[in-house]
Amino acid sequence: MKADPRGVLTGVHFLDGDHACCEGALAAGARFAAGYPITPSTEVVERFAARVPTVGGTFIQMEDELAASITLQGAVWGGAKAFTVTSGPGFSLMMEHIGYAAMTETPCVFVDVQRGGPSTGLPTLPAQADMMQARWGSHGDYEIIALCPNSPQECFDLTIKAFNLAEEFRVPVMFMMDEVVGHMTEKVVIPPADQIEVVPRRHTRKPLGEYLPYQTNGDMVPEIAHAGEGYKFHITGLTHDERGYPNMTPQVQDKLVRRLQNKIRNAADRIALYEEENLQDAEVVVVSYGITSRVAQRAIEMARAKKLPVGKLRLITAWPFPETKIRELSAYVKAFVVPELNLGQMVHEVERAAAGKARTFAVPHAGGSVHHPEDILKAIVEASR
Amino acid sequence: MSDFTNPVEPFLRTDRMPHIWCPGCGIGTTVNCFARALIESKIDLESLALVSGIGCTGRVAGYVKLDSFHTTHGRAIPFATGLKLANPKLNVVVYSGDGDLSAIGGNHLIHAARRNIDLKVICVNNLIYAMTGGQTAPTTPSHAITSTSPYGSCEPAFNLPHLVEAAGAVYVARWTTFHVRQLARSIAEAFNKKGFSFIEVISPCPTLFQRRNKLGDGLDTMKYYKEKSKVKHGAPTSEVGMTMTGEIIVGKFVDRDRPDYQTMARAQLAESLGDRFVEQAEMVCS
Ligand SMILES: Cc1ncc(C[n+]2csc(CCOP(=O)(O)OP(=O)(O)O)c2C)c(N)n1
Ligand code: SF4
Ligand SMILES: [Mg+2]
């Protein structure tokens, strides 16, 4: 399905990442956002609040993130494509509702413009330290999808992708920006609506009486109905059967939780998005994402100028972790270098997927600025020895 | 077999019976009144959605044959807010417990009343957190024994009608589970109001509250409600606070009109944006 032209601001713009994310959401068909202000993410909803009444939709500023993160889900069950936007402290408050979205299979997008933590940390400065929280922050076993843009253009393009994945898999998608990407201004090209692919909701066409909210017909993702259509369905965060009715048996729990996990895990290779350069002859691969990938680019160029056989793997999908790719590479490369604006998060995944076949070098940084390319270069040199 | 069917049965998910509520519990009585209000008000059931939080009362969502959402603890109101804003044609009822709505969800309660979101809130107040075993709630009367105040609660209790009136609700009533006809009528009346309506139902939890406080069983509680309730329509809500065994003021306390959130939002946007304002289309994105 093509994008609704009313939401698409076709043209060449100079936008910061936050504003580009908002335009991506509008282009994807989001017509509802609930938010609570927090630096460095607020510009996304400020723009949405200004834009959406001219497109036909609603923004509401809620009393806190606990509210925002569930108000948007009410809107989804009312028929809207909806999202919320936050940063670390607010993201922490939203965790219970990420679990609720995963459990009830509510398609929606959570944007986290990451800043330094823990706690109030560095409100105006970057970090990438919510990556594990995005994956594991709510209790219980569940899966989400997380994307990491590294430019305002990608904030636009990948926000559309985030909504599309949310609809395709009926899963909450984490859009993991960072302060630098959110606040940097660059050229953003917004194509005409007929060049933007939008995934429609998996809306049921079953006649009343035949529809079961969590019946899957082989493909693991059930069809959805909206309130007010006559289906009289029940949705709960309790463990539930195909009818959506609570069922507290280990058998139903096992069936449900495994499906929630496997609908994403089995599609991991299809969901995996990454950018690669010079991997064929690489002995060392720098694995990075978000703003750090742009600093890493500089370090890689410096290393290649020194004739070091370095390749680049930029993760666009962080979760599900593209472990197949890392496994393939670890069959022939010597080492991975993993710079990130945290004290070691995604590096654990790289290490796990490499399974001892290639060495892993973290380049930790506590946040507050980006890396010095020299620090990444130093790790590349060490890894190439 | 008798061919007698209970008139409220069509409103229930009979395939989920028996329900989990204890004998003598008041929650089932309130559901009965709710169903009777649906009959009385002839409301379109297809456009009616019910949202609950977590608790014994929160389980109501699972038993009514409506589009029904059992959400998270305290967050029924913000979920219902999103549902209503995305599809204004829906009639949205929030049905939950005193702890859910006024403790963990207290912030949402006052803000939804302030915004005057068009929601019908039914609050079953059993003066306790029942589902988790009878702990002190913000509604627990002073001196009451609960599992976490074994020597008696020292905290003053919330007077919920006073709270929601001050926050901006357009309709506020209180009944007990003894007042079944009045309660059903109040619910039906709230369906005819546009804006934030709040109906508190004082309800027994014989298993945890009455037993621990030696107040007898469900039947004794009905006697107490009957004897100690005073109907005072229009009573100043500042004067309707409750005590352990004292008088219970019931009735319709507030019935006023002010524009609801969506009316205000549209007026503001239309005024500021003029021709550039685009009405929200039907959101259904299938
Ligand atoms: C976030 C969270 N905290 C705590 C709980 C545990 N819990 C479940 S129900 C409940 C209290 C419910 O009390 P109330 O709303 O008065 O409902 P009742 O059971 O009395 O009808 C609590 C504390 C929970 N489910 N979720
Ligand atoms: S514990 Fe109390 S409130 Fe819960 S079902 Fe039993 S009597 Fe009702
Ligand atoms: Mg209670």
Side-chain angles (χ1 to χ4, degrees), chain A residues 1 4 6 29-32 34 52-58 60 62-64 66-82 96-97 99-100 104 167 198 200-205 208 224-238 240 243-246, chain B residues 13 15-16 45-49 51-52 54 59 61-90 92 104-105 107-108 110-112 115 261-262 265-266 269-270 272-273 276-286:
Chain A
M1 180 173 130
D4 171 2
R6 282 175 303 181
R31 294 293 179 270
F32 189 96
V52 82
T54 68
V55 168
T58 295
I60 184 165
M62 294 304 292
E63 49 275 13
D64 56 30
L66 301 162
S69 56
I70 194 84
T71 302
L72 82 95
Q73 297 188 48
V76 170
W77 289 97
K81 284 195 181 179
E96 187 183 10
H97 291 149
Y100 187 75
T104 55
E167 296 297 339
V198 164
R201 187 148 292 172
R202 287 173 172 267
H203 194 275
T204 188
R205 290 178 203 290
L208 302 182
I224 197 168
H226 295 132
E229 296 175 335
Y231 288 100
K232 297 185 183 165
F233 57 85
H234 179 58
I235 299 300
T236 177
L238 287 166
H240 46 268
R243 297 172 297 174
Y245 289 0
Chain B
R13 296 184 190 276
D15 53 347
R16 287 216 58 220
L45 297 181
E46 299 216 339
S47 63
L48 183 64
V51 184
S52 289
I54 303 293
R59 293 304 183 97
Y63 296 126
V64 291
K65 205 192 275 174
L66 298 170
D67 291 329
S68 57
F69 300 89
H70 183 229
T71 62
T72 54
H73 192 26
R75 320 298 169 203
I77 285 178
F79 184 98
T81 299
L83 193 60
K84 178 71 187 174
L85 297 189
N87 184 352
K89 284 195 205 141
L90 293 173
V92 183
I104 189 166
N107 200 26
H108 314 310
I110 57 176
H111 287 285
R115 295 186 182 106
Y261 178 84
Q262 277 165 308
R266 283 173 56 219
L269 292 169
S272 300
L273 285 167
R276 294 203 301 131
F277 173 56
V278 176
E279 284 281 354
Q280 176 175 299
E282 284 212 19
M283 290 240 191
V284 177
C285 54
S286 54

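Fair warning: this is a prediction, and the values are worked out from it, not measured in the lab. Chain A is the first sequence line, chain B the second, and so forth, proteins listed ahead of strands; every chain is numbered from 1.
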Residue [X] versus chain A: region with a heavy atom under 4.5 Å:
X	answer
B:R115	side chain
B:L66	backbone
B:A80	neither

Closest non-hydrogen atom pair, [X] against [Y]:
X	Y	result
B:L83	A:A227	CD1-CB, 4.0 Å
B:A86	A:A75	CB-O, 3.5 Å
A:T236	B:H70	OG1-ND1, 2.6 Å

pair [X]-[Y]: side-chain heavy atoms closer than 4.5 Å:
X	Y	result
A:L66	B:P78	no
B:L85	A:F32	yes
A:Q73	B:T71	no

For [X], which atoms come within 4.5 Å of any heavy atom of chain B: side chain, backbone, both, or neither?
X	result
A:I60	both
A:Y100	side chain
A:R202	neither
A:A34	neither

Please rank A:V55, A:I224, A:D64, A:I235 by heavy-atom pairs under 4.5 Å with chain B and give me the top one. A:I235
Partner residues of A:Y231 under the ring pair (Phe, Tyr, Trp, His ring centres under 6.0 Å) criterion, sequence neighbours left out: A:Y211
Pairing residues for B:Y63 by the ring pair (Phe, Tyr, Trp, His ring centres under 6.0 Å) criterion, not counting sequence neighbours: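 With sequence neighbours excluded, B:Y63 shows a ring pair (Phe, Tyr, Trp, His ring centres under 6.0 Å) to B:W21, given in chain and number order.
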So B:D15 and A:R243, side chain to side chain contact (heavy atoms under 4.5 Å, CB included) or not? Walk me through it. CA-CA 11 Å; B:D15 53 347; A:R243 297 172 297 174; 4.1 Å; yes
When you measure from the side chain of [X] to the backbone of [Y], do you find a donor-acceptor pair of N or O atoms at a distance under 3.5 Å?
X	Y	answer
A:H234	B:A61	yes
A:T71	B:G82	no
B:H111	A:E63	no

Find the distance between [atom1] ([X]) and [atom2] ([Y]) and round it off to the nearest 0.5 Å.
X	Y	atom1	atom2	result
A:T58	B:L269	OG1	CG	8.5 Å
B:F79	A:T104	CZ	OG1	7.5 Å
A:E96	B:H73	CD	NE2	9.0 Å

Using the rule given for side chain to side chain contact (heavy atoms under 4.5 Å, CB included), can you reason through B:R75 versus A:H97, listing the C-alpha separation, both sets of side-chain angles and the distance that settles it, and then say yes or no? CA-CA 10 Å; B:R75 320 298 169 203; A:H97 291 149; 3.3 Å; yes
Face-on cation placement of B:R13 at A:Y245 ring, 6.0 Å and 45° thresholds: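 Here B:R13 fails the 6.0 Å and 45° test against A:Y245.
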Kindly indicate, with the supporting measurements, whether the criterion side chain to side chain contact (heavy atoms under 4.5 Å, CB included) is fulfilled by A:L238 and B:R59. CA-CA 11 Å; A:L238 287 166; B:R59 293 304 183 97; 3.7 Å; yes
Using a 4.5 angstrom heavy-atom cutoff, name the option from B:R276, B:E279, B:K65, B:R16 with the most pairs to chain A.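 If we count pairs closer than 4.5 Å to chain A, B:R16 comes out on top.
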